[in-house]
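Scroll down for the structure; my scribbles are underneath it.
Scope of the values below: all heavy atoms of this structure, side chains included, with no hydrogens, waters or symmetry mates. Chain letters run A, B, ... following the sequence lines, proteins first and then strands; every chain starts at 1.
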Number of protein chains: 2
Amino acid sequence: MAKVVKAEMDLSTEEKIKEAASKVFTKKGYGNARTRDIAEEAGINLALLNYYFRSKEKLFEVIMAERIQKLFGILTPILNDSDTTLQEKFVKITESYIDMLNEHPDLPIFVLSELRNDPERFADRIQAKTHLTKSVFVKQLQEKGTEIHPFHFLMNLLGMIIFPFVGKPILQTVTGGEENYPALMEQRKKLIPEWLNMMLAKA
Amino acid sequence: MAKVVKAEMDLSTEEKIKEAASKVFTKKGYGNARTRDIAEEAGINLALLNYYFRSKEKLFEVIMAERIQKLFGILTPILNDSDTTLQEKFVKITESYIDMLNEHPDLPIFVLSELRNDPERFADRIQAKTHLTKSVFVKQLQEKGTEIHPFHFLMNLLGMIIFPFVGKPILQTVTGGEENYPALMEQRKKLIPEWLNMMLAKA
DNA sequence: GTCTATAGCGCGATAGAC
DNA sequence: GTCTATCGCGCTATAGAC
């Protein structure tokens with residue numbers, strides 16, 4: 001059996017609080033979340049929350065840093081990998097993101113919404129060490145001789161991957177929720193890289 | 001001169017409150033917004049807010065309904081227009097959305113984030129009278145004989161249009177904000193319909 | 001480390017004068 | 001209709017016993 005189990009019962013108290021906080025913050029956002037909700041979710045007393053983390057604010061910063069890392073940690077290593085082609089990068093990014101987002105569908109809307117509330121605060125958490133401009137990804141794009149700005153490709157890639165999760169509530173009401181969402185996402189794993197290759201070929 | 005001026009000074013008090021509430025809610029979200037902020041922004045007293053609208057909650061519902069209409073009102077009339085081709089629909093939707101989002105960049109993240117907090121509550125506000133399945137848009141797609149589910153096209157369209165606005169804080173930190181964002185969006189008005197036509201041709 | 005009890009205060013809402 | 005003043009709740013945070 002694996003050492004790390006999902007619904008582990010004997011986590012340290014600190015870990016239990018972080019798990020609970022992550023869940024409650026991600027679902028409700030900072031402003032709507034109550035420390036009492038988090039304490040109850042963690043199965044501990046409210047006072048303990050302030051014992052381990054100094055305040056709701058501090059706890060939030062810890063969680064937020066983790067969530068940002070979860071959302072963007074995927075991207076930069078792949079973009080800067082010299083051993084893969086552009087096409088392989090498209091596939092890797094698409095598959096990694098869709099798998100991750102299937103498990104954490106509320107993650108993007110949470111992070112993006114909280115970032116908007118205070119854009120300066122977490123800016124340094126996102127910045128890759130190397131700017132995108134100097135990435136292997138951009139170099140490879142330029143070798144293709146495309147006139148289209150590399151940014152468009154990144155926007156299209158992330159937009160086509162992430163938007164279906166962010167826009168799920170709307171898209172579902174428009175169709176009456178009669179869609180098989182997981183199956184559609186599985187299809188997109190193959191389709192998105194194909195579409196990006198087409199954009200690349202044409203450009 | 002136009003009768004309706006942007007920074008009109010002599011709006012009715014009710015309108016001033018709605019303007020202010022729209023601004024504050026959209027910027028901060030429901031949970032982080034304070035009724036005192038809204039009153040100050042409107043240049044009126046806090047008590048008046050409860051005089052015109054019964055509560056923060058009620059005021060929010062009014063604003064939310066308007067914002068949802070703003071975000072999705074564009075879509076369905078175009079999708080159900082029998083007088084335009086698919087290609088023309090791509091162009092119309094792209095241009096209308098980018099123009100609107102340039103003026104209201106915080107709109108999508110606000111609506112999507114609040115919808116996630118309470119998906120049931122505003123579901124009826126979004127539902128088009130006719131389901132997407134029965135729309136002219138889907139009929140036209142089916143006539144093309146594509147095997148790809150119509151939903152993918154809608155996701156790609158909305159994703160490529162809306163994501164750059166939603167993800168602006170991230171995308172900017174990745175590049176160091178050295179991009180000319182408005183110019184990129186202007187380019188996308190032409191590029192997105194082209195990309196969608198390619199997807200259509202290949203499918 | 002973990003609990004109970006409570007301090008302290010910001011918030012939404014209202015009473016009541018004008 | 002619009003204001004000032006204030007209520008009272010619910011929240012975060014802390015004191016203090018165990």
Cation over ring, A/K89 on A/F137, under 6.0 Å and within 45°?
no
Nearest to the side chain of B/K56, heavy atoms from C-beta on, is which of D/dA13, C/dG12, C/dG1?
C/dG12
Tested for side chain to side chain contact (heavy atoms under 4.5 Å, CB included) against A/F153, the lone hit among A/I148, A/L86, A/L158 is A/I148
Of C/dA13, C/dT2, D/dC3, the nucleotide closest to the side chain of A/L48 is C/dT2
From C/dT2, C/dG12, C/dC3, pick the nucleotide closest to the side chain of A/T13?
C/dT2
Taking the side chain of A/I44 as heavy atoms from C-beta outward, which of C/dC3, C/dA15, D/dT2 is closest to it?
C/dC3
What nucleic acid atoms does A/Y51 come within less than 4.0 Å of, heavy atoms only: base, sugar-phosphate, or nothing?
base
Looking at A/N45, does any N or O in its side chain come under 4.0 Å of the phosphate oxygens OP1/OP2 on C/dT4?
yes
Closest of C/dA13, D/dA13, D/dT2 to the A/S55 side chain is D/dA13
Categorize B/L49 for me: base, sugar-phosphate, or nothing, with a 4.0 angstrom heavy-atom threshold over every strand shown.
nothing
Shortest non-hydrogen pair, A/S96 vs A/I78, comes out as OG-CD1, 4.0 Å
B/A47 side-chain proximity, nearest of C/dT2, C/dC11, D/dT4:
D/dT4
Heavy atoms only, 4.0 Å cut-off, all strands: where does B/A39 land among base, sugar-phosphate and nothing?
nothing
base_contact_polar (C/dG10 base, B/R34 side chain, donor-acceptor, <3.5 Å):
no
